[in-house]
Amino acid sequence: MNLWIKNGHLLDPANGRDEICDIWIQDGKVAILGSLSSDKQAEVTGENTRIIDAAGKYVMPGFLDLHVHLREPGFEYKETIKTGTAAAAKGGFTAVCPMPNTSPATDSPEMIQKVLAIAERDSKIHVYPVGAVTKGQAGEEMTDISGMVKAGAKAISEDGKSVMDAELYRNAMKEAKKAGIPVLAHCEDKNMVGKGAMNAGKKAEELGIQGITNAVEDVIVARDILLAKETGARLHLCHCSTKDSVAMIELAKKDGVEVSGEVCPHHFSMTEEEIPADDANYKMNPPLRSSTDVETLRRGLSEGIMEAISTDHAPHGEEEKKKSIAEAPFGIVGSETAYALAVTYLVRKGYLTPMQLVERMSTNPCRILGVPGGNLAVGMPADITIADMDSEYVIDKNTFVSKGKNTPFHGVKVQGRVHYTMVDGEVVYEYKE
Ligand code: DOR
Ligand code: ZN
Ligand code: ZN
């Protein structure tokens with residue numbers, strides 16, 4: 001099936017295109033950009049061509065989510081590769097990076113192969129698995145990093161926790177550099193966090209819940225930047241939530257360190273003050289922070305210090321999230337709300353232009369991971385997201401295709417809707433009213 005996307009507004013920062021034009025897709029690739037000649041129009045309106053009217057919508061290179069938890073194997077009651085990738089497709093993502101904190105952990109070439117085999121069967125979008133840094137994520141013994149990369153891992157990460165042994169982590173960074181992959185870092189000092197369950201501050205005191213200070217993140221961000229500087233590894237800092245993370249990334253970049261940082265939609269959309277009660281749908285790690293942190297994250301994204309928007313999509317069971325903030329697991333879902341939150345809180349508020357949004361959700365993530373995508377030049381795979389930035393609606397968790405309904409954004413009014421997601425020229429998600 002060929003596709004003719006008509007009258008859409010192409011946003012392709014990699015090629016500097018910001019214009020209304022048609023796109024013709026043949027054999028899964030971008031074949032023609034611009035207006036089609038009448039001969040070509042006659043040819044493409046044949047039987048084997050689907051016409052998509054994209055008037056009033058943006059046509060963008062497909063989004064890549066550098067940070068999701070698909071929970072399979074081991075926690076299929078929370079999510080599966082099938083449901084998690086369907087949720088991502090609905091969110092406009094044509095590719096995702098599942099983190100290794102599954103059960104067993106994704107910590108060997110065999111486990112990488114297993115995730116890829118399930119994805120091959122169950123996913124309509126690209127799945128780029130992330131291998132663990134240590135066996136069983138126990139923090140003691142390094143995994144077979146080059147073996148995992150040969151099996152298809154695109155990065156390593158110990159997400160869910162930090163590797164507290166700096167010497168071990170330094171060696172892992174050297175291995176990652178040799179293998180040509182980035183290290184995706186979850187920054188949290190295990191010894192400092194204690195029983196902390198939300199941001200340390202007035203709100204935590206009010207609710208009588210133990211706090212997580214900014215330094216819990218910042219000391220590991222500093223350490224990891226120094227390790228990357230020494231080893232030359234490519235370091236990508238996950239879910240940055242503090243103003244000093246932004247400041248340190250800016251400084252490290254000026255110093256020539258190969259570092260990038262991501263911000264999650266919840267961290268740029270909501271402050272700790274908006275937590276209404278002891279409700280675990282507002283619990284994630286790192287936690288919602290102060291308004292000063294949120295403003296700095298937005299500025300960081302605006303200025304390009306922070307290069308990526310990733311979700312940290314972390315589905316959990318309903319019963320688990322009914323517990324108190326102190327007791328419930330960390331994490332909220334994010335795949336199906338990321339785009340609208342980015343439009344509402346960043347584009348509409350003037351922090352990002354539509355082109356910059358595409359850079360943060362597609363172009364830069366593809367570059368950081370070193371995978372194809374993030375650009376729609378002729379000849380490129382037709383991984384495409386078509387969405388608007390003005391549809392207004394209220395987020396309803398009951399419409400989520402993810403198994404996880406754990407979101408603090410239920411009932412929040414947003415702007416921006418994904419209409420189509422395409423992978424290799426196949427429509428893998430289509431919005432129907
Ligand atoms: O909120 C979080 N949820 N943060 C993490 O680091 C782990 C994740 C999860 O796996 O649920
Ligand atoms: Zn994490
Ligand atoms: Zn995570």
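We count residues from 1, following the sequence as given. For ligands, and for the atoms within them, numbers begin at 1 and follow the listed sequence. These figures come from a predicted structure and were not determined experimentally.
- The salt bridge (charged side-chain N to carboxylate O under 4.0 Å, His left out) analysis of residues 236-247, with sequence neighbours excluded, yields no pairs.
- Residue Arg71 places a heavy atom under 4.0 Å from ligand 1.
- Although no hydrogens or angles enter the test, the distance criterion places a donor-acceptor pair under 3.5 Å between the side chain of Thr143 and the main chain of Ala132.
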Take Glu273 and Lys203 through the test salt bridge (charged side-chain N to carboxylate O under 4.0 Å, His left out) and record every step on the way to the result. CA-CA 6 Å; Glu273 281 129 63; Lys203 198 76 186 191; over 6 Å; no
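- The aromatic rings of Tyr77 and Phe75 sit perpendicular, their planes meeting at an angle over 60°, well past the 30° parallel limit.
- Within ligand 1, the atoms closer than 4.0 Å to a non-hydrogen atom of Asp312 are 2 (C), 4 (N), numbered from 1 in the order shown.
- For atom 3 (N) of ligand 1, the nearest non-hydrogen atom of the protein is Phe330 O, 3.3 Å.
- For His69, the N/O/S atom at the shortest distance from the Zn ion (ligand 3) is named NE2.
- Using a 4.0 Å cut-off between charged nitrogen and carboxylate oxygen, Glu110 and Lys114 do not count as a salt-bridge pair.
- Heavy-atom proximity to Met284, at under 4.0 Å, picks out these atoms of ligand 1: 1 (O).
- At least one heavy atom of His316 lies less than 4.0 angstrom from ligand 1.
- Using a 4.0 Å heavy-atom cutoff, Pro329 is absent from the residues neighbouring ligand 1.
- The aromatic rings of His9 and Tyr58 are tilted relative to each other, their planes meeting at an angle between 30° and 60°.
- Taking any N or O of Gly331, backbone or side chain, at least one lies under 3.5 Å from an N or O belonging to ligand 1.
- Only the side chain of His186 comes within contact range of ligand 1, with a heavy atom under 4.0 Å; no backbone atom does.
- Listed by atom number, the atoms of ligand 1 under 4.0 Å from Gly160 heavy atoms are 6 (O), 7 (C).
- In summary, the side chains of Asp65 and His313 do not present any donor paired with an acceptor at a separation below 3.5 Å, with no hydrogens or angles considered.
- Nearest protein heavy-atom neighbour of atom 1 (O) of ligand 1: Asn285 N, 3.0 Å.
- Counting only protein N, O or S atoms closer than 2.8 Å to the Zn ion (ligand 2) gives 3.
- His67 and His239 have their aromatic ring centers within a separation under 6.0 angstrom.
- Between Tyr431 and Tyr420, the ring centre distance reaches or exceeds 6.0 Å.
- No N or O atom of Ile332 sits closer than 3.5 Å to an N or O atom of ligand 1.
- Salt-bridge annotation for Glu167 and Arg170: present, with a side-chain N of the basic residue lying under 4.0 Å from a carboxylate O of the acidic one.
- Arg298 places no side-chain N or O within donor-acceptor distance of the main-chain N or O of Leu346, the cut-off being under 3.5 Å.
- For the pair Lys78 and Glu320, the salt-bridge criterion is met [side-chain N within less than 4.0 Å of a carboxylate O].
- Of the protein's non-hydrogen atoms, His69 NE2, 3.7 Å is the one closest to atom 8 (C) of ligand 1.
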